[in-house]
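Every chain is numbered from 1 and lettered A, B, ... according to where its sequence line falls, protein lines coming before strand lines.
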Protein chains: 2
Amino acid sequence: MTLQIPLEHSNCSDCPIRHRAVCAHCDGDELAELEEIKYYRTFEAGQTIIWSGDQMNFVGSVVSGIASLTQTMEDGRTQMVGLLLPSDFVGRPGRESAAYDVLATTDVVMCCFRKKPFEELMARTPHIAHRLLQMTLDELDAAREWMLVLGRKTAREKIASLLSIIARRDASISKDRRAEPIVFDLPLTREAMADYLGLTLETVSRQMSALKKDGVILLEGKRHVTIPDMGRLMEEAGDDTDGGFLV
Amino acid sequence: MTLQIPLEHSNCSDCPIRHRAVCAHCDGDELAELEEIKYYRTFEAGQTIIWSGDQMNFVGSVVSGIASLTQTMEDGRTQMVGLLLPSDFVGRPGRESAAYDVLATTDVVMCCFRKKPFEELMARTPHIAHRLLQMTLDELDAAREWMLVLGRKTAREKIASLLSIIARRDASISKDRRAEPIVFDLPLTREAMADYLGLTLETVSRQMSALKKDGVILLEGKRHVTIPDMGRLMEEAGDDTDGGFLV
DNA sequence: TCACCCACTTGATCTCGGTCAAGGTATCTG
DNA sequence: CAGATACCTTGACCGAGATCAAGTGGGTGA
């Protein structure tokens, strides 16, 4: 999903974008400049961070918590079009207004930069622009993989795909040994999963139960997931078995 | 979908990317350099232009014809994840291999640039990098709009959405008067439409017939479409009535 | 002119996931 | 502790779209 900074690198700063955009080619002036235009904001679970169509006066990245980009039709049908995990970037340099609602799915801390100065810095600093292009291309890849999920996969495959995406992101942070079970807490409600996958929450619930019954996943409570065999999960997702690990 | 250069500007050159990437801030040296690394390739309808996973040694843009980015699962289910119309850009600066199959839906002429020199030029030329970032953001927006279509719209709404996207692109090239009927030839087979929308070709056919019966569209033969009332079509698509024209 | 092909249409039937409805469980509050 | 609330599960039923199966029509080549 979108973008990710290995957390062990965040000692570079408590703000991921500094590492991603700047530290790779560290430059004291740029760091100082970023520091000046930087500020933090916190949001509670369920709060709307940005309304679609609003003027956007900042860009930034998620420090902790989960946010989502969602689109809503007049009759209330909603589709999540982006999932923002810690270290993901928010905002569109060069665009004045937001294209989607950004919702805090859990409590969220964001590190923000005032947009105008950030853009000016970007214009003067080729490697920041380059970094941003790479990040955007990553997001585009993620969106397109997601389109295959939405358009062609069954409900069971959709759930397996989502679990494997989350598991992969979690696992790659801690370790990439493939054989051992992967354990994590689901950061999404059943409803958020449904909005992600184009399903209803009832179907999500049923398929979670089915995957549990079949031993593909283990569930403790409603959110704590153990994946005993990642290969098995990826078969269920309809991906080739180890594609995700080779990316 | 994706990107578009008004065709009346193409007198700047027969190759769209020169206009998009360069001419806005014309510079003789850059133009000469692009000219050197440029070449044309033609493909027949049905041919695969690029295989997913292949080494990509060029970037470029579509001069004429329609190409599509598609993903295929092992069992043959396929989903189109990008539709490339004339003037759209192909390729991922900074990536070595292709992420999707690129198929020629009709006969296609591409204008290509050898990738290595193009990237070098890009590194030296901020406004090309900037242009590319804007194009990629546009594609990301298109992909996310498409995700709403795939995840939450009914078959009828999906067809109406596709027709309105194609009509809008066609219409904006010639004129943007809203009241008059819009006429165009569908560049896609029913099967390609199905792959675009996550449907079967039978469902596409049925919904086309239904829209015709209800007077939302007029059909002469199988491909020639007239849209008497664009607002009506957009209502059927579930979009707000004039959103598309305000973009 | 006929045979063939390809893209498309239409019909009959089936099925997956949506809808509606009832319960369950954990946490918080008065 | 009772009641409220938010989140989740499960069951019964239904319908939109998939699947399977003919059939149509226009274009091409022998």
Check: Once you round it to whole Å, what is the distance between C1' of D:dA18 and CG of B:D75?
Finding: 14 Å

Check: Rounded to the Å, how far apart are B:L197 CG and D:dA18 C1'?
Finding: 15 Å

Check: So what does A:G198 touch, heavy atoms closer than 4.0 Å: a base, only the sugar-phosphate, or nothing?
Finding: sugar-phosphate

Margin query: Counting neighbours of CD on B:Q47 that are heavy atoms of other residues, nucleotides or ligands and sit closer than 6.0 Å, is the number greater than 12?
Written below: yes

Check: What is the distance from CZ of B:R77 to C1' of C:dC16, rounded to the nearest Å?
Finding: 13 Å

Margin query: Given C:dG17, D:dC8, C:dT9, identify the nucleotide with an atom nearest to the side chain of A:T189.
Written below: D:dC8

Item checked: Any B:T203 side-chain N or O less than 4.0 Å from OP1/OP2 of D:dA18 -> yes

Notebook entry, point to check: Rounded to whole angstroms, how far apart are CG on A:L201 and C1' on D:dG11?
Noted result: 15 Å

Notebook entry, point to check: Any side-chain heavy atom of B:M110 sitting closer than 4.5 Å to one from B:V108?
Noted result: yes

Next item on the list: In sequence, state the C-alpha distance, the side-chain angles, and the governing distance for A:S164 and A:S161, and then conclude on side chain to side chain donor-acceptor pair (under 3.5 Å).
Entry: CA-CA 5 Å; A:S164 109; A:S161 298; over 6 Å; no

Checklist line | Rounded distance (Å) that lies between atom C1' of D:dC8 and atom NZ of A:K212 | finding: 11 Å

Next item on the list: Give a yes or no on whether the backbone of B:W51 and the side-chain of B:T48 come within a donor-acceptor separation of less than 3.5 Å.
Entry: no

Margin query: Salt bridge or not between A:D138 and B:R95? Use side-chain N to carboxylate O under 4.0 Å.
Written below: yes

Checklist line | Nucleotide nearest B:R190 when distance is taken to its side chain, options D:dC8, C:dC8, D:dG17 | finding: C:dC8

Margin query: Quick check for you: among D:dC8, D:dT19, D:dA18, whose closest atom lies nearest to any side-chain atom of B:E202?
Written below: D:dT19

Check: Does B:R206 make a side-chain donor-acceptor contact with the base of C:dG11, cut-off 3.5 Å?
Finding: yes

Check: Atom CD1 of A:I159 to atom P of D:dT9: distance rounded to whole Å?
Finding: 10 Å

Notebook entry, point to check: So what does B:R223 touch, heavy atoms closer than 4.0 Å: a base, only the sugar-phosphate, or nothing?
Noted result: sugar-phosphate

Check: If you fit an axis to the five pairs at each end of the helix from C:dT1-D:dA30 to C:dG30-D:dC1, how big is the angle between those two axes, to 10 degrees?
Finding: 20°

Next item on the list: Taking only Lys NZ, Arg NE, NH1 and NH2, and the carboxylate oxygens of Asp or Glu, determine whether B:R144 and A:E139 approach each other closer than 4.0 Å.
Entry: yes

Item checked: Residue whose nearest DNA chain D nucleotide is more 5′ - A:L219 or B:K222 -> A:L219

Notebook entry, point to check: What's the CD-C1' distance between A:E191 and C:dT19, to the nearest Å?
Noted result: 15 Å

Notebook entry, point to check: Please walk me through it: do A:V149 and A:L197 pass side chain to side chain contact (heavy atoms under 4.5 Å, CB included)?
Noted result: CA-CA 8 Å; A:V149 173; A:L197 297 169; 4.2 Å; yes

Check: Do any side-chain nitrogens or oxygens of B:T200 fall under 4.0 Å of OP1 or OP2 in D:dA18?
Finding: yes

Checklist line | Rounded interatomic separation in angstrom, taking CG from A:D195 and P from C:dG18 | finding: 12 Å

